Amino acid sequence: MPKWLKDAVFYEIYPQSFYDTNADGIGDFNGIIEKLDYIRGLGCNALWINPCFDSPFKDAGYDVRDYKKVAPRYGTNDDLVRLFDEAHKRDMHVLLDLVPGHTSEEHEWFCASQKAEKNEYSNRYVWTRSWGESAQGFPYVGGESERSGVYLLNFFKCQPALNYGFYRVDRPWQLPVDHPDCIATREAMKDVMRFWLDLGCDGYRVDMAASLVKNDDEKKSGTSAIWKDVRRMLDEEYPEAALVAEWGVPQQSLKAGFHMDFYLNWHLNGYSTLMRDYENHENGENHSYFKKDAGGDINRFLKDYLPQYLDTKEDGYFCLLTCNHDTNRPRLALDIPELKLAYAFLFTMPGVPYLYYGDEIGMRYLDLPTKEGGYSRTGSRTPMQWDESKNLGFSKGDAADLYLPVDPAPDAPTVSGQENDPDSLLNTVKALLALRHREKDLQADAEFSQLQTRIGQPFVYRRGDLVLAINPDGSEKTCTLPAAGEVIFSIGSAKAEGRTLTLGAQSFAVIR
Ligand code: NOJ
């Protein structure tokens with residue numbers, strides 16, 4: 001386990017929308033470099049950058065055309081290397097986004113694979129043996145290649161599935177996982193990983209990490225074997241490199257060698273009940289735990305979270321996020337006081353927290369037409385709002401040329417608008433992250449346990465030797481502490497007298 005993860009706090013950057021330094025309307029690496037001090041000042045000491053490689057951008061870059069070349073719109077490979085160096089100077093780490101399950105249909109491997117004549121890449125993707133042969137229920141495309149066969153898709157139509165083999169082979173066109181051509185796919189992906197690690201990248205966020213081997217068993221044994229092999233390579237060659245899975249099942253991903261997995265926003269799971277419970281009800285009813293007076297119940301979260309945390313805490317980190325580029329911004333359903341409490345919780349839990357750019361100022365979800373395969377996700381991908389200047393400081397280009405529009409609201413949140421207000425969301429985030437860095441008991445490893453979870457009462461929990469309490473309701477509440485203690489941090493109002501803690505409306509406290 002890379003030691004730096006113990007006190008890491010990640011900042012996710014959607015590079016299109018972070019900061020544009022050449023006025024072409026789209027973010028770039030130089031923009032990220034210019035803002036590193038801002039990110040460090042927030043308390044984030046690690047970055048996850050969404051795919052920034054050459055791509056036709058039919059899925060925002062998750063359709064990679066060349067894994068070893070950055071997309072010209074963001075800069076050059078040298079610019080990215082400079083970003084690694086500048087980050088390291090500030091004691092920050094940078095994860096790139098690895099997309100191992102599929103490429104763009106314009107990747108040179110796929111172009112070769114489509115050829116009628118057999119070649120090195122014929123089996124790099126999954127093909128049936130003739131144009132009329134069914135793909136056995138897998139999504140596929142036929143009729144577009146000179147080769148007679150249909151090929152499997154991994155996600156959108158633009159994303160042919162790379163071939164890591166089938167765990168259960170039940171058609172002649174399905175290769176077993178130990179077929180040399182399937183091993184070659186795995187080795188090609190390791191070669192891509194080494195390429196950027198050698199240039200200074202600190203690891204990867206792995207897209208659809210569970211998707212590699214087809215017809216896998218329930219435990220994902222086939223796919224897990226590949227990640228165990230990758231982890232062996234990292235341990236031997238790059239022991240400080242970190243891997244986080246987009247998987248959402250830590251009992252599988254962390255046992256397969258990932259250092260971290262995301263607690264993803266899945267329908268009705270525990271995480272979804274914290275900030276986006278409206279997605280769990282057809283009529284939009286919202287009992288999110290952090291929504292004031294909405295009848296939220298922290299047990300809905302705990303019932304799902306705890307077994308996963310307890311089963312995997314020795315293996316790695318099950319990580320909480322404010323949001324990501326696929327999820328509605330939390331501001332869609334929570335106002336600023338509610339967001340403060342939600343972040344207080346997310347940033348004081350075990351594992352490694354992830355802050356999505358713009359959530360620190362409460363950027364809104366915008367209702368926008370789709371861009372680069374974003375669909376409903378597009379509204380969470382709009383430009384970062386820095387100040388009151390043109391395009392809210394994102395770009396000096398013409399508003400009409402921006403990758404996506406900035407929030408048109410007169411009260412659109414900005415960094416400069418919040419910087420000098422001690423009570424702003426931005427400064428609350430800074431205070432919370434500074435607290436986390438100060439207190440080892442709030443970092444990735446310290447034990448978590450629940451102390452009081454009754455509905456209508458503050459939620460009280462323990463991290464190491466600290467006790468934490470949250471009251472999301474609109475009225476004052478009291479609760480009993482396990483022992484008398486002193487309030488060392490609070491949001492809202494908190495008073496400890498003996499073993500009694502009084503928490504004002506929408507308040508949070510850390511007690512030692
Ligand atoms: C998950 C990514 O987060 C998402 O943005 C993308 O569309 C799919 N994987 C396909 O790569």
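Residue indices begin at 1 and follow the sequence shown. Both counts, for ligands and for their atoms, begin at 1 and track the order of listing. All figures in this text were calculated on a predicted structure; none of them were measured in a lab.
- Under the side chain to side chain contact (heavy atoms under 4.5 Å, CB included) criterion, T370 pairs with Y375, T378, sequence neighbours left out.
- In this structure, F53 and W196 have tilted ring planes: the angle between them lies in the 30° to 60° band.
- Under the 4.0 Å criterion applied to side-chain N and carboxylate O atoms, R82 and D85 are not assigned as salt-bridge partners.
- Contact atoms of ligand 1 toward R377: 4 (C), 5 (O), 6 (C), 7 (O) (distance under 4.0 Å to a heavy atom of the residue).
- Within the 4.5 Å cutoff, the side chain of H325 has no heavy atoms near those of the S380 side chain.
- Between Y343 and F347, the ring-plane angle classifies as tilted under the 30° and 60° cut-offs.
- Between Y354 and W48, the ring planes are perpendicular. Angles over 60° get that label, and only those under 30° would be called parallel.
- For ligand 1, the atoms sitting less than 4.0 Å from at least one non-hydrogen atom of H102 are 10 (C), 11 (O), numbered in the order shown with element in parentheses.
- Exactly one of D359, D407, D367 qualifies for a salt bridge (charged side-chain N to carboxylate O under 4.0 Å, His left out) with R329. That residue is D359.
- Using a 4.0 Å cut-off between heavy atoms, E372 makes no contact with ligand 1 at all.
- For R205, the closest heavy-atom approach to ligand 1 falls below 4.0 Å.
- Contact annotation: K58 has no heavy atom less than 4.0 Å from any atom of ligand 1.
- Close approach of ligand 1 to R381 (heavy-atom distance below 4.0 Å) involves ligand atoms 5 (O).
- Near D207, the atoms of ligand 1 lying under 4.0 angstrom from a non-hydrogen atom of the residue are 1 (C), 2 (C), 3 (O), 8 (C), 9 (N), 10 (C), 11 (O).
- Against a heavy-atom cut-off of under 4.0 Å, H325 is close to the following atoms of ligand 1: 2 (C), 3 (O), 4 (C), 5 (O).
- Within the listing of ligand 1, atoms 1 (C), 3 (O), 9 (N) sit less than 4.0 angstrom from a heavy atom of E246.
- With V99, D59, N154, D326 as candidates, the residue nearest to atom 3 (O) of ligand 1 on a non-hydrogen basis is D326.
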